Protein chains: 2
Amino acid sequence: MFAVVSSNRMAKQTAKKADISTEEKIKEAARKVFTQKGYAATRTRDIAEEAGINLALLNYYFRSKEKLFEIVILEKMQILLGKLGPALMDERTSLEQKVEQIAEHYIDTLIANPDIPLFVLGEIRNHPDKFADMIRTKTKIVDSAMFKQIAERRPDIDPLHFIFNMLGLIIFPFIGKPLLQLVAGITADHAVTLMNERKQLIKKWFSAMIHA
Amino acid sequence: MFAVVSSNRMAKQTAKKADISTEEKIKEAARKVFTQKGYAATRTRDIAEEAGINLALLNYYFRSKEKLFEIVILEKMQILLGKLGPALMDERTSLEQKVEQIAEHYIDTLIANPDIPLFVLGEIRNHPDKFADMIRTKTKIVDSAMFKQIAERRPDIDPLHFIFNMLGLIIFPFIGKPLLQLVAGITADHAVTLMNERKQLIKKWFSAMIHA
DNA sequence: GTCTATATTGTGATAGAC
DNA sequence: GTCTATCACAATATAGAC
């Protein structure tokens, strides 16, 4: 079900520098359209048009909409979750260092890929069991070093609260941005400025919360 | 485009107590299916089946999938945003009171309707312009009393950060729940317990952050 | 008001020429 | 490898009997 089908064809062209293969053009278009609209609202014709190629080529290279989708969402899940597990597990860093490191990494990542959280969470909702195994193996919060470090500091509060808090402070502004731009009337530029400010602020806020 | 079509037919039955009208059965089914899967992934047949009626009746009562959807999502947006504006605008409550009041109200609301945030935010993403006007008129954060109260306390930090923080602490756990249940291995019951704990905790955390 | 049957359109996928 | 044309089926919506 999750076999990787990526380079099942080798583009013949000798890659004359700046021009990319058709396969990659399709994949790049798929990344854009799928993450912006989600699987169900995306038509293969949208992807073909975005890629500037014909619909038939999509099936020629990737066989089906679903196969192409799996490639894209696995990439995006890797971006969203790939660094989280290792960061939480790291035995050598302090709690404060972990928060700083995670906040910096993910805010930079999400500024570059602001659609990912809503996309990934929405698709998990729509295909509940499809990703269960993969995710479960990827990150085990409860066994993590960070979980234990929190528990030592605040034995009176479930450590999960602080994991929620950290992730919420980092991720929520990106998920709520479409709405918050309307409600708060901020520009795209201002939004980026705010997100960058948060890299330092979250560290301070987290410390304040865990001492409160 | 947004005319309310709700009761365009009057069910003939005298509403023999516990049984509800067909129109309401369809609407209730639509609430459930739309919020769980989103507009694009929902088939009218899913709704008809969930309602225990025939597909034709859906069009008889609501004329189209889109009309039915508009009714549902306007309801859900009202639930998600209806109390926020007034709470932010309230000139008589302190900052701390606002946070407590908003956290309590929304956590209770979201425990009862956990699918709403992901649903509403996802549909705003997929129909960017459709809801712009309605939302803009509903809540103007920057003019709000809460915005000014925050600015007085912390003239050094953009007040929007603290609005993000409050909303993120409240809403994110519900958006991330599908993922976090996998990653953190928590049961549905435990999740509700955690959310209820947060009603009190968020108040304390917010105060800690604004003093940090 | 409710149903079955059907019309109509939308969408993923393939055939076959070049 | 790439295209046009088309197929096959899924999904929305309607007609018409009861």
Side-chain angles (χ1 to χ4, degrees), chain A residues 1 3 5-16 19-30 33-34 36-73 123 126-127 130, chain B residues 1 3 5-16 19-30 32-34 36-73 123 126-127:
Chain A
M1 161 137 268
V5 195
S6 185
S7 301
N8 54 349
R9 286 289 182 284
M10 210 45 190
K12 187 143 296 176
Q13 63 183 128
T14 335
K16 229 178 112 202
D19 69 342
I20 51 183
S21 70
T22 299
E23 182 175 353
E24 188 53 38
K25 271 196 295 188
I26 297 171
K27 225 193 281 186
E28 186 56 31
V33 181
F34 275 137
Q36 274 178 8
K37 316 211 298 181
Y39 178 80
T42 295
R43 294 168 305 159
T44 51
R45 284 169 170 78
D46 300 334
I47 298 174
E49 190 183 357
E50 175 72 31
I53 52 94
N54 188 276
L55 172 59
L57 277 177
L58 189 151
N59 293 284
Y60 173 74
Y61 280 104
F62 298 96
R63 247 195 65 81
S64 76
K65 177 187 179 184
E66 194 179 349
K67 291 260 197 311
L68 179 53
F69 171 73
E70 284 172 359
I71 292 170
V72 170
I73 196 163
E123 299 303 333
N126 282 15
H127 316 280
K130 189 165 190 167
Chain B
M1 163 134 267
V5 195
S6 184
S7 299
N8 54 350
R9 288 288 183 286
M10 209 47 188
K12 187 143 293 175
Q13 65 184 126
T14 337
K16 231 177 105 201
D19 68 343
I20 52 184
S21 71
T22 299
E23 182 174 353
E24 188 51 40
K25 272 194 294 188
I26 296 171
K27 226 192 283 185
E28 187 56 30
K32 178 171 177 184
V33 181
F34 275 137
Q36 275 179 6
K37 317 212 296 180
Y39 177 79
T42 295
R43 294 169 306 159
T44 51
R45 283 171 168 78
D46 300 335
I47 298 173
E49 190 184 354
E50 176 71 32
I53 53 93
N54 189 276
L55 172 58
L57 277 177
L58 189 151
N59 293 284
Y60 173 75
Y61 280 104
F62 297 97
R63 247 195 67 79
S64 75
K65 177 187 178 182
E66 192 178 351
K67 292 259 197 308
L68 179 54
F69 171 72
E70 284 172 359
I71 293 170
V72 170
I73 194 162
E123 299 303 332
N126 283 14
H127 317 280

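Since we're looking at a predicted model, the values are computed, not measured. Throughout, protein chains are lettered first and strands after them, A, B, ... in sequence-line order, and every chain is numbered starting at 1.
- Residue pairs meeting the salt bridge (Lys or Arg N to Asp or Glu O under 4.0 Å) criterion with at least one partner in residues 51-60 of chain A, sequence neighbours excluded, do not occur; the list is empty.
- The nearest whole Å value for the distance from the CG atom in Asp46(A) to the P atom in dT11(C) is 8 Å.
- Rounded to a whole Å, the CG atom of Leu57(B) is 10 Å from the P atom of dG1(C).
- For Glu28(A), the side-chain contact (heavy atoms from CB on, under 4.5 Å) partners two or more places apart in sequence, or in a different chain, are Glu24(A), Arg31(A).
- Every side-chain contact (heavy atoms from CB on, under 4.5 Å) that Glu123(A) has, sequence neighbours left out, goes to Tyr39(A), Phe69(A), Ile73(A), Phe119(A), Asn126(A), His127(A).
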Would you mind building the protein contact string for nucleotides 12-18 of chain C? One character per nucleotide, 5' to 3', B for base within reach (heavy atoms under 4.0 Å), S for sugar-phosphate only, - for untouched. BBBB---

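- The distance between atom NZ of Lys37(B) and atom C1' of dA11(D), rounded to the nearest whole Å, is 13 Å.
- Contacts of Lys25(B) classified as salt bridge (Lys or Arg N to Asp or Glu O under 4.0 Å), with partners at least two apart in sequence or in another chain: none.
- Remark: Lys65(A) pairs with no residue by the salt bridge (Lys or Arg N to Asp or Glu O under 4.0 Å) rule, at least two apart or across chains.
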